[in-house]
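This report concerns only the one structure given below.
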Amino acid sequence: QVQLVESGGGLVQAGGSLRLSCAASGRTFNRYAMGWFRQAPGKERELLSAISGSGYSTYYADSVKGRFTISRDNAKNTVYLQMVSLKPEDTAVYYCAARPDEGREYTNWGQGTQVTVSS
């Protein structure tokens with residue numbers, strides 16, 4: 001079973017950039033699609049972006065489209081979320097998650113990393 005650990009969160013000024021990383025343990029990383037989610041206080045968890053196991057296909061929520069970029073390096077068992085033009089409303093705990101490449105549900109979750117964007 002894949003285990004996920006997020007890193008790269010922190011405090012950044014509005015308009016700034018941050019790159020999140022999600023390191024996965026396991027021998028079948030390339031057979032999992034990966035997603036990035038976030039949850040702000042008092043709000044529901046939101047799917048931001050997803051990438052197929054091969055990296056061929058990607059998805060972006062409207063709230064981050066054009067600002068965030070998801071990528072993965074299967075040789076390093078790592079998925080990334082490059083975030084630019086950050087806004088205060090991007091402040092949240094960011095989570096990565098894994099699902100079988102052809103599946104519907106995310107079955108494995110990281111512990112989360114805090115992103116705080118100051119105005």
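These numbers come from the heavy atoms of this one structure, side chains and all, not from hydrogens, waters or symmetry mates. In this text the structure is predicted, and so the values were computed from the model without any measurement.
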Ring centres of Phe37 and Trp109 under 6.0 Å apart?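 Yes - the distance between ring centres of Phe37 and Trp109 falls below the 6.0 Å cut-off.
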Report the distance from atom [atom1] of [X] to atom [atom2] of [Y], rounding to the nearest 0.5 Å.
X	Y	atom1	atom2	value
Thr69	Tyr80	OG1	OH	14.0 Å
Gln111	Glu6	CD	CD	4.5 Å
Met34	Asp101	CE	CG	11.0 Å
Leu4	Ser25	CG	OG	7.5 Å
Phe68	Tyr94	CZ	OH	4.0 Å

Donor-acceptor side-chain pairing of Ser71 and Gln82 below 3.5 angstrom: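 The answer is no; no qualifying pair exists.
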Identify the heavy atoms of [X] and [Y] that sit nearest to each other, and give their distance.
X	Y	result
Tyr106	Gly35	CE2-N, 3.5 Å
Tyr32	Pro100	CD2-N, 3.8 Å
Ser85	Ser17	N-OG, 4.5 Å

Contacts under 3.5 angstrom, residues 53-60 side chains, donor-acceptor by atom type, not counting sequence neighbours:
{"residue": "Ser54", "atom": "OG", "partner": "Tyr56", "partner atom": "N", "Å": "3.2"}
{"residue": "Ser57", "atom": "OG", "partner": "Ser52", "partner atom": "OG", "Å": "3.3"}
{"residue": "Tyr60", "atom": "OH", "partner": "Ile70", "partner atom": "N", "Å": "2.9"}

Both conditions, 6.0 Å and 45 degrees, for the charged tip of Arg72 above the ring of Phe29: are they met here?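 Yes; both conditions hold, so Arg72 lies above the ring face of Phe29.
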With a distance cut-off below 6.0 Å to the six-membered ring centre and an angular limit of 45° from the axis, does Arg38 pair with Tyr95 as a cation-pi contact?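 Geometry flag: not set, cation outside 6.0 Å or 45°.
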Report yes or no: does [X] contribute a side-chain atom to a donor-acceptor pair with the main-chain N or O of [Y] at less than 3.5 Å?
X	Y	result
Arg67	Ser63	yes
Asn108	Val2	yes
Thr78	Lys76	yes
Thr113	Gly9	yes

Any [X] side-chain heavy atom under 4.5 Å of [Y] side chain:
X	Y	answer
Leu20	Met83	yes
Val79	Trp36	yes
Val115	Thr91	no

Do NZ/NE/NH1/NH2 and the carboxylate oxygens of Arg99 and Glu105 come within less than 4.0 Å?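 Looking at Arg99 and Glu105, the cut-off is not met.
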Test: Lys87 and Asp90 ion pair at under 4.0 Å: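 So Lys87 does not pair with Asp90 through a salt bridge.
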Counting neighbours of CD on Gln13 that are heavy atoms of other residues, nucleotides or ligands and sit closer than 6.0 Å, is the number greater than 12?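 It does not: Gln13 CD has 12 such atoms or fewer within range.
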